[in-house]
Amino acid sequence: SQREYLSSCPASMEMKLGEGRSLLCVHGSPRHFEEGISPATTNAELEEMLSGVSSDVICAGHTHVQLARRFCRQMVVNVGSVGCAFEEVFSGEPPTLLPWAEFAIISGDDGGVQVELKRCRYEISEQVQAILSSGMPHSVSWAKQWQRLVE
């Protein structure tokens, strides 16, 4: 039932920020669900990813690494990850996890668009217990990644 619910979610969501501005939310990039936007993404690559996108702010995730980057007249934001922030973009090796939750607050008003990247600490030991009791695949290896932060 959870997979069915997730499958029913839209691939993107657009919302108004006021003063004629808009925010487009996607998982990876506007072009593809699993395509990450990172500091290493070139301007040429970003131009292709954002082709046809008129939103003032593009909010993405997928890489688990926070980012706020101006591109031409648009702002590209990666909110990071609330429960699994990475030190750097995943490259196939187990990622280095960070001991905090990451998120962004995005707002629009008469003065323009405001983007605030935020971090807050939480109890990692509780996260480890939740992972181990979840029944999710590879829970022991994920828990070991987190346990390094509390040892």
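Worth knowing before you read on, the calculation uses all heavy atoms, side chains too, and leaves out hydrogens, waters and symmetry mates.
- A donor-acceptor pair is defined here as one N or O able to donate and one able to accept, closer than 3.5 Å; no such pair exists between the side chain of Asp56 and the backbone of Gln74.
- The existence of a salt bridge linking Glu48 and Arg31 is confirmed by a sub-4.0 Å separation between a basic side-chain nitrogen and an acidic carboxylate oxygen.
- For the pair Ser107 and Leu17, the minimum side-chain heavy-atom distance is 4.5 Å or more.
- Taking CD1 of Ile124 as the reference point, atom CH2 of Trp146 lies at 5.0 Å (rounded to 0.5 Å).
- The line from CG of Leu97 to SG of Cys84 is 5.0 Å long, rounded to the nearest 0.5 Å.
- Checked by atom type and distance alone, the side chain of Ser7 pairs as donor or acceptor with a backbone atom of Arg3 at under 3.5 Å.
- Between His27 and Phe33, the ring planes are parallel. Angles under 30° get that label, and only those over 60° would be called perpendicular.
- In this structure, the side chains of Cys25 and Met15 come closer than 4.5 Å at one or more pairs of heavy atoms.
- For the pair Gly36 and His62, the tightest heavy-atom approach, listed with the atom from each and the gap, is N-CD2, 3.8 Å.
- Shown here for Leu23 and Ile106, the closest heavy-atom pair between the two residues is CD1-CD1, 4.2 Å.
- For the pair Glu19 and Arg21, the salt-bridge criterion is not met [side-chain N within less than 4.0 Å of a carboxylate O].
- Note that CD of Gln66 is 4.5 Å distant from CG of Leu117, once rounded to the nearest 0.5 Å.
- Considering Thr41, Val79, Ile37 as possible partners of Leu67, the one that fulfils the side chain to side chain contact (heavy atoms under 4.5 Å, CB included) test is Ile37.
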Take Leu46 and Val76 through the test side-chain contact (heavy atoms from CB on, under 4.5 Å) and record every step on the way to the result.
CA-CA 10 Å; Leu46 202 52; Val76 178; 4.3 Å; yes
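- Between the side chain of Gln145 and the backbone N or O of Thr96, no donor-acceptor pair lies under 3.5 Å.
- Counting only heavy atoms from C-beta outward, the side chains of Phe103 and Arg119 never approach each other to under 4.5 Å.
- Residue Phe71 holds its CZ atom at 10.5 Å from CE of Met49, rounded to the nearest 0.5 Å.
- Between Trp142 and Ser139, the closest side-chain pair of non-hydrogen atoms is not below 4.5 Å.
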Applying side-chain contact (heavy atoms from CB on, under 4.5 Å), run through His64 and Phe90 and close with a yes or a no.
CA-CA 8 Å; His64 295 237; Phe90 183 68; over 6 Å; no
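- Between the side chains of Glu14 and Ser22, a donor-acceptor pair is found at a separation under 3.5 Å.
- Atoms CD and CD, on Gln129 and Glu123 in that order, are 12.0 Å from each other to the nearest 0.5 Å.
- Arg73 contributes atom CZ, which lies 13.0 Å from atom OG of Ser54 (distance to the nearest 0.5 angstrom).
- Residues Val57 and Leu24 are not in side-chain contact: their nearest non-hydrogen atoms beyond the backbone lie 4.5 Å or more apart.
- Side-chain contact between Glu102 and Lys118: absent, with no pair of heavy atoms (C-beta onward) separated by less than 4.5 Å.
- Shown here for Ala143 and Leu132, the closest heavy-atom pair between the two residues is CB-CD2, 3.5 Å.
- Shortest non-hydrogen contact noted between Ile131 and Ser134 is O-OG, 2.7 Å.
- A distance-only check finds a donor-acceptor pair linking the side chain of Thr42 to the backbone of Glu45 [under 3.5 Å].
- The side-chain heavy atoms of Ile58 and Leu50, taken from C-beta on, include a pair separated by under 4.5 Å.
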